[in-house]
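What follows is a short report on a single structure.
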Amino acid sequence: MEEETQEYLDGKADTPADDETLQDEQADDKTSSKQEKFKELATKRTNDICHRIQQLGKLANRNAYAYDDQQVNLIFSTIEEQLRLAKGKFQEAGETQKSFITL
């Protein structure tokens, strides 16, 4: 026991605070890495969706395509439903996260 105490005083032994700091840093690195991955994928996927919506808009050219209002309504109601479902997943994730406490 005295040897462990002396090692601690000499700075040779890890302190519990050092272990906690290291764990906090590792957790921060993981969080940062997850945030960077989210930003990367969200940016790419959002830009891909915007591009595809622009392509869809080109179908409005009546000189090149024939369509009726029912078809257009089906297209946009489907897109709106998928957006609603995707947005709901983010809201549910936030609600789940809020159910925990931080002391």
Side-chain angles (χ1 to χ4, degrees):
M1 181 75 162
E2 289 179 24
E3 186 176 309
E4 289 177 6
T5 303
Q6 188 59 42
E7 286 179 358
Y8 172 75
L9 292 174
D10 293 341
K12 295 178 183 176
D14 290 334
T15 64
D18 290 341
D19 289 343
E20 290 173 13
T21 302
L22 181 59
Q23 289 174 352
D24 289 345
E25 289 174 3
Q26 289 172 339
D28 288 344
D29 288 346
K30 284 183 182 179
T31 300
S32 176
S33 176
K34 287 181 177 182
Q35 288 174 343
E36 289 302 315
K37 189 65 173 179
F38 175 82
K39 288 178 186 178
E40 175 187 332
L41 289 174
T43 299
K44 182 183 182 325
R45 292 177 185 181
T46 302
N47 288 335
D48 288 347
I49 291 167
C50 290
H51 176 72
R52 299 294 289 195
I53 290 171
Q54 289 172 351
Q55 288 180 313
L56 181 63
K58 293 177 182 179
L59 293 175
N61 181 352
R62 288 210 183 254
N63 291 327
Y65 307 103
Y67 54 88
D68 59 34
D69 287 344
Q70 184 179 2
Q71 292 169 316
V72 173
N73 289 335
L74 179 60
I75 290 168
F76 287 100
S77 65
T78 302
I79 292 170
E80 288 167 356
E81 176 67 10
Q82 290 302 312
L83 280 172
R84 187 187 65 74
L85 292 171
K87 188 175 182 179
K89 289 180 181 182
F90 282 95
Q91 291 169 339
E92 290 170 9
E95 290 170 6
T96 301
Q97 207 169 26
K98 291 177 186 174
S99 66
F100 299 101
I101 63 168
T102 303
L103 300 175

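A quick note: this is a predicted structure, and the numbers were derived from the prediction, not measured.
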Problem set entry | Atom CD of Gln55: over 12 foreign heavy atoms under 6.0 Å | yes

Seminar exercise, completed: Rounded to the nearest 0.5 angstrom, the CG-CD1 distance for Leu74 and Ile79 is 9.5 Å

Exercise. Quick one: side chain to side chain contact (heavy atoms under 4.5 Å, CB included) partners of Gln54, sequence neighbours excluded?
Worked result: His51

Problem set entry | Between CD on residue Glu36 and CG on residue Asp29, distance to nearest 0.5 Å | 11.5 Å

Problem set entry | Distance in Å, Phe76 CZ paired with Ile53 CD1, rounded so as to fall on 0.5 Å steps | 8.5 Å

For this session: Please name the pair of heavy atoms, one in Leu59 and one in Tyr67, separated by the smallest distance, quoted to 0.1 Å.
Result: O-CE2, 3.4 Å

Exercise. Are Ile75 and Ile49 joined in one hydrophobic group, where the rule is that I, L, V, M, F, W and Y side chains link up if heavy atoms are under 4.5 Å apart?
Worked result: no

Problem set entry | Pair Arg52 + Asp48, salt bridge at N-O below 4.0 Å | no

Problem set entry | Pairs meeting criterion side-chain hydrogen bond (donor to acceptor under 3.5 Å, both in side chains) with involvement of residues 76-90, two or more places apart | Glu81-Arg84

Problem set entry | Tyr65 versus Lys58, closest heavy-atom pair with distance | CE1-O, 3.7 Å

Problem set entry | Gln71 side chain vs Asp68 backbone, donor-acceptor pair below 3.5 Å | yes

Exercise. Can you tell me if Thr43 uses its side chain to pair, donor with acceptor, with the backbone of Lys39 under 3.5 Å?
Worked result: yes

